[in-house]
Undergrad: 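Quick one: this structure, given as structure tokens, is what I'll be asking you about.
Along the sequence shown, the residues carry numbers beginning at 1. Note: hydrogens, waters and symmetry copies are ignored here, and every other heavy atom, side chains too, is used.
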Amino acid sequence: MATRARKSPVTTLERGDIFFVYRPKVGVDQPRRLDDVSRLYMILRPERRRRFRLIIIGQKTLPRSRQQKAWAFVDVVSTRAAEVEDQLDPETYQTKTRGERKIPAARPAGEGRYRIVRHGSHTHRCYVLELPEKTAAVQRAFHIAPEASYVVSVKNPEQGSPPGAGLSEGQQAKFPRRLQHVFGDRRFADLDPPDLLDIEGAEIVLTAATADVSRELGIKLERERETEASAEIFNDLKMEPDLHPKRPLFEGKWA
């Protein structure tokens, strides 16, 4: 009689709030598709720690299949929500040839809960959306599913990068000894401990795992019903509703 294979144990390393935010390209006030977008951000706010991590997704989309990967890096880490939110505000600058140029305000595209877990020999970052209640055009463009899991690993800055890939040497993370020790002589390490994300310049790779977190990992990601009044992206991250268009967050439609 065949025996059922034992599932690898799952240990939660960190949990908290997750936000997805996108910024239109310079001069694009009404984005309508991915080509109108300059950057996709992922923001993590761990529970029981006053910390915000602003992460830039390099390809502007999350991976959807196990053959797809997404490179990302930690841009800003702060204990102050305002310091992260300032990175998302509109900006104006002068150029010699075109005069004044405007960088539009970023738009919230998703809010939910996340966990970083150890699953056997690797680590996952999984999440479930609370807003919008139903995903639509904006979320489809960035491959932001209602629920998803990704195998996540962190790049060893002391191992270098292929020419033209990753951050420059001056931009790469400088991990303290206790964190650099995690890598040993390996090129990549698991995201364990999650403190690796507390260093600006940390580079990570996300590999799509599953859209059914409960089935794969045996954990249930709890979602709460959120409204404009209770949305953490406005209350905790301090995004100003009058400055950052809300339609993508609540309706999933471009704005």
Undergrad: Just distance, no hydrogens or angles: give the donor-acceptor pairs under 3.5 Å from side chains in residues 82-90, sequence neighbours left out.
TA:
residue, atom, partner, partner atom, Å
Glu83, OE1, Ser78, OG, 2.9
Glu85, OE2, His244, NE2, 2.8
Asp89, OD1, His244, NE2, 3.1

Undergrad: Return the minimal non-hydrogen interatomic distance between Ala105 and Arg107, and the atom names on each side.
TA: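 Ala105 and Arg107 have their closest heavy atoms at O-NH1, 2.5 Å.
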Undergrad: Distance only, no hydrogens: is a donor on one side chain within 3.5 Å (strictly under) of an acceptor on the other, for Arg115 and Thr12?
TA: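 Yes, because at least one side-chain N or O of Arg115 sits under 3.5 Å from a partner of the opposite role on Thr12.
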Undergrad: What about the rings of Phe142 and Phe20, do their centers lie closer together than 6.0 Å?
TA: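 That pair fails the under 6.0 Å test.
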Undergrad: If we ignore hydrogens and angles and just use 3.5 Å, is the side chain of Glu111 paired with the main-chain N or O of Ile233 as donor and acceptor?
TA: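 It does hold such a pair.
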Undergrad: Check the side chains of Lys69 and Thr207 for a donor-acceptor pair under 3.5 angstrom, ignoring hydrogens and angles.
TA: yes
Undergrad: Quick check: are there more than 12 heavy atoms from other residues, nucleotides or ligands sitting under 6.0 Å from NZ of Lys102?
TA: no
Undergrad: Would you check if there is a donor-acceptor pair between the side chains of Gln159 and Asp185 at a distance under 3.5 Å?
TA: no
Undergrad: Assess, by modelled atom type and distance only, whether the side chains of Trp71 and Glu203 contain a donor and an acceptor separated by less than 3.5 Å.
TA: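 Short answer, yes.
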Undergrad: Are Phe183 and Phe175 an aromatic pair, judged by ring center distance below 6.0 Å?
TA: yes
Undergrad: Going by an N to O cut-off under 4.0 Å, is there a salt bridge joining Arg118 and Asp192?
TA: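 Salt bridge between Arg118 and Asp192, a charged N being under 4.0 Å from a carboxylate O: yes.
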Undergrad: Once side chain to side chain donor-acceptor pair (under 3.5 Å) is applied, do any residues pair with Ser230, and if so which ones, sequence neighbours excluded?
TA: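 For Ser230 the side chain to side chain donor-acceptor pair (under 3.5 Å) partners, ignoring immediate neighbours, are Glu226, Thr227.
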Undergrad: On a heavy-atom basis, which atom in Pro132 and which in Thr135 lie closest, and how many Å separate them?
TA: CG-CA, 4.1 Å
